[in-house]
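A short write-up of the structure that comes next.
All values derive from a computational prediction rather than experimental measurement.
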Amino acid sequence: MLSTPPVHPRRKVAIVGTALSDCGRVDDATPYALHAQAARRALADSGLDRSVIDGFASAGLGTLAPAEVAEYLGLRPTWVDSTSVGGSTWEVMAAHAADAIAAGHANAVLLVYGSTARADIKARRRTANLSFGARGPLQFEVPYGHALVAKYAMAARRHMHEYGTTLEQLAEVAVQARANAATNPDAMFRDPVTVDDVLSGPVIADPFTKLHCCVRSDGGCAVLMVAQEYVPDAAKEPVWVLGAGTAVSHTTMSEWEDFTVSPAAVSGRLAFERAGVRPADIDLAEIYDAFTYMTLVTLEDLGFCEKGAGGAFVEKGRLLRDGGLPVNTDGGGLSACHPGMRGLFLLVEAVRQLRGEAGEGQVRKRNGRLPELAVASGTGGWFCSSGTVVLGRG
């Protein structure tokens, strides 16, 4: 008769180090160099020695990711993750890493990303930020020129048709993201824009004009997640991973049941349930925003407003750092940076805000205190996947 294995208590998991590499316009570095720069800075931020790292997560670079990047960094991890689900990759990886650390399969996991997408295109080393090819299910859409931006644009049009969402409301997302970027010295674009500026720009894919779409940048970042035993040795206050959820939806647009519902409706519900909090408890949200519609529909699906009410919700400055629900406090992908897969940047900014390290762009509660709860929600593909992570201070 087999004996029952001992049950070990799950360890708490904290983020103790975060950092950005050089971002924006970086013409003189390789993506490997940006990975290394971000990793070194995050480790320095944590105050821990590199010898504690026994887990590594990376995607988007190398033939054998993350083995190539780990080798470049001089790491020999015993736990690895190379899950690649687009922009939500990093929230999904954070969920995996938190589970691994909690279960004792790893002690300290480094998540790292770097990309020179902008510089590569400028130097004609590639012709697009991302290439999904034309095999598998995509073969039924590619011949018709149905590019990624067109998929998001079509979904936005459906929301406008179903709920009366207006172009002006979508434009408000871009306007407020730019206003938040104004206090971020690392943001690529900081000059203010108006709703008229957004609406009058060149059309990229109806209804999106240029300012409805994310910027194209270079950059990288890193996050160090550790077990609770390492927190006393860390240099700064920990930010705890309270709960996480993941979900996938579709790849073929014809298999997407409702263009007005993203997989964040599932990942968000799971994350909040596991964290034991409600959307109303959250002090700030970092949301993937390759396009303005992503912000609006994700806010609905995370439960910050009713389905179809996103247009009214984003009006009147609600997303500003001093608004009712500060969103994308660094300026987001619409103004700060977007090197290709931005999900890890969401975690970095959420941690900076919870630690009180955001300078002029710092969010404060009405009583003047620092925020206590944040959510980071990444979206991958064309609403194909979602990862949501709830973070807490103290």
NE2 (His250) and CD (Glu255) are apart, to the nearest 0.5 Å, by 9.5 Å
Go through the structure and list residues passing salt bridge (charged side-chain N to carboxylate O under 4.0 Å, His left out) with Glu306, not counting sequence neighbours.
-> none
Do Val195 and Glu172 come within less than 4.5 Å of each other through their side chains, counting heavy atoms only?
-> yes
Residues Arg25, Lys122; criterion side chain to side chain contact (heavy atoms under 4.5 Å, CB included); working and verdict | CA-CA 10 Å; Arg25 300 173 180 86; Lys122 182 179 178 182; over 6 Å; no
Out of curiosity, does Val390 fall in the hydrophobic cluster containing Trp240 (side-chain heavy atoms, cut-off under 4.5 Å, transitive links)?
-> yes
Taking the side chain as every heavy atom from C-beta outward, state whether Val80 and Pro66 have any atom pair closer than 4.5 Å.
-> yes
Short side-chain to backbone donor-acceptor contact, Asn180 and Leu319, under 3.5 Å = yes
Paired with Ile53, the side-chain contact (heavy atoms from CB on, under 4.5 Å) test is passed by just one of Leu224, Asn107, Val109, namely Leu224
Among Arg352, Arg321, Gln353, which residue meets the side-chain hydrogen bond (donor to acceptor under 3.5 Å, both in side chains) test with Thr329?
-> Gln353
State yes or no: do Tyr72 and Leu43 share one hydrophobic cluster built from I, L, V, M, F, W and Y residues joined by side-chain heavy-atom distances below 4.5 Å, directly or via other members?
-> yes
Do you see a donor-acceptor pair shorter than 3.5 Å between the side chains of Thr260 and His159?
-> no
Connected via hydrophobic side-chain network under 4.5 Å: Leu242 and Val266 | no
State, to 0.1 Å, how close Pro371 and Leu354 come at their nearest heavy-atom pair, and which atoms those are.
-> O-CD2, 3.5 Å
SG (Cys337) and CG (Asp22) are apart, to the nearest 0.5 Å, by 12.0 Å
Of all heavy-atom pairs between Ser386 and Ser267, which one has the smallest distance, and what is that distance?
-> OG-OG, 2.7 Å
Once you round to the nearest 0.5 Å, how far does OG1 of Thr295 lie from CG of Leu170?
-> 9.5 Å
Does the side chain of Gln169 reach to within under 4.5 Å of the side chain of Phe313, using non-hydrogen atoms?
-> no
Is it true that a side-chain atom of Arg318 and a backbone atom of Leu325 form a donor plus acceptor pair closer than 3.5 Å?
-> no
Inspect the surroundings of NZ in Lys365 and state if more than 12 heavy atoms from other residues, nucleotides or ligands are less than 6.0 Å away.
-> yes
Does the side chain of Arg178 reach to within under 4.5 Å of the side chain of Leu211, using non-hydrogen atoms?
-> yes
Worked check of side chain to side chain contact (heavy atoms under 4.5 Å, CB included) between Leu296 and Thr165 = CA-CA 10 Å; Leu296 185 147; Thr165 307; 3.9 Å; yes
The single option from Ile282, Val375, Ile15 that satisfies side-chain contact (heavy atoms from CB on, under 4.5 Å) with Leu391 is Ile15
Please examine the side chains of Phe56 and Leu73, heavy atoms only from C-beta on, and report whether any two atoms are closer than 4.5 Å.
-> yes
Does Glu91 reach the side chain of Ser377, with side-chain heavy atoms less than 4.5 Å apart?
-> no
Exam field: side chain Ser21 to backbone Gly220, donor-acceptor pair closer than 3.5 Å = yes
Got a second to check how far Glu286's CD is from Arg342's CZ, nearest 0.5 Å?
-> 8.0 Å
Is the side chain of Ser335 donor-acceptor paired with the backbone N or O of Ala181 at a distance under 3.5 Å, no angle test?
-> no
Are Leu75 and Arg50 close enough, and set up right, to give a side chain to side chain contact (heavy atoms under 4.5 Å, CB included), and what steps lead you there?
-> CA-CA 9 Å; Leu75 299 175; Arg50 62 177 290 156; 3.5 Å; yes
Decide whether Asp330 and Asn184 meet the rule of one side-chain donor and one side-chain acceptor closer than 3.5 Å.
-> no
Would you confirm whether the ring centroid of His338 sits within less than 6.0 angstrom of the ring centroid of Tyr288?
-> yes
Indicate yes or no: does Asp99 engage Arg10 in a salt bridge with an N to O separation below 4.0 Å.
-> yes
Is there a donor-acceptor pair under 3.5 Å between the side chain of Thr292 and the backbone N or O of Val173?
-> no
Taking atom CG of Leu373 and atom CZ of Arg278, what is their separation to the nearest 0.5 Å?
-> 11.0 Å
Name the orientation class of the two ring planes belonging to Phe345 and Tyr113 (parallel below 30°, tilted from 30 to 60°, perpendicular beyond 60°).
-> perpendicular
Got a sec, which residues hit salt bridge (charged side-chain N to carboxylate O under 4.0 Å, His left out) with Asp196, two or more places apart in sequence or on another chain?
-> none
Out of Phe259, Tyr293, Trp256, Tyr163, which one pairs with Arg158 under the side-chain contact (heavy atoms from CB on, under 4.5 Å) rule?
-> Phe259
Does a salt bridge link Arg216 with Asp120, judged by any charged N lying under 4.0 Å from a carboxylate O?
-> no
Does Arg355 come within less than 4.0 Å of Asp45, counting only side-chain N to carboxylate O?
-> yes
Do Leu48 and Asp233 come within less than 4.5 Å of each other through their side chains, counting heavy atoms only?
-> yes
Looking only at heavy atoms, what is the nearest atom pair of Met294 and Ile287, with distance?
-> O-CG2, 4.3 Å
On the 0 to 90° scale, with breaks at 30° and 60°, tag the Tyr152-Phe291 ring pair as parallel, tilted or perpendicular.
-> tilted
Co-membership, hydrophobic cluster, residues Leu346 and Leu284, 4.5 Å side-chain = no
Pair Arg11-Ile101, side chain to side chain contact (heavy atoms under 4.5 Å, CB included): steps then yes or no | CA-CA 7 Å; Arg11 299 185 294 180; Ile101 294 170; 4.1 Å; yes
Expected output: side-chain Asp283 to main-chain Glu372 donor-acceptor under 3.5 Å = yes
Under a 4.5 Å cut-off applied to non-hydrogen side-chain atoms, are Leu167 and Met160 in contact?
-> yes
Taking atom CD of Glu71 and atom CD of Glu68, what is their separation to the nearest 0.5 Å?
-> 7.5 Å
Determine whether more than 12 heavy atoms belonging to other residues, nucleotides or ligands lie under 6.0 Å from atom CZ of Arg369.
-> no
Heavy-atom pair of closest approach, residues Phe383 and Ser262 | CD2-CB, 3.4 Å
Provide the full list of salt bridge (charged side-chain N to carboxylate O under 4.0 Å, His left out) pairs with a residue in residues 139-155, sequence neighbours left out, each pair given once.
-> Glu141-Lys151
Between Ala29 and Thr116, which heavy-atom pair has the shortest distance, and what is it?
-> O-CG2, 3.3 Å
Val277 reachable from Phe304 in the ILVMFWY side-chain graph, under 4.5 Å edges | yes
Using side-chain contact (heavy atoms from CB on, under 4.5 Å) as the criterion, point out the one residue from Val297, Thr298, Leu299 that pairs with Asp301.
-> Val297
Is any side-chain N of the basic residue among Arg364 and Asp322 closer than 4.0 Å to the acidic one's carboxylate O?
-> no
Here the pair of heavy atoms bringing His35 nearest to Val69 is CD2-CG1, 3.5 Å
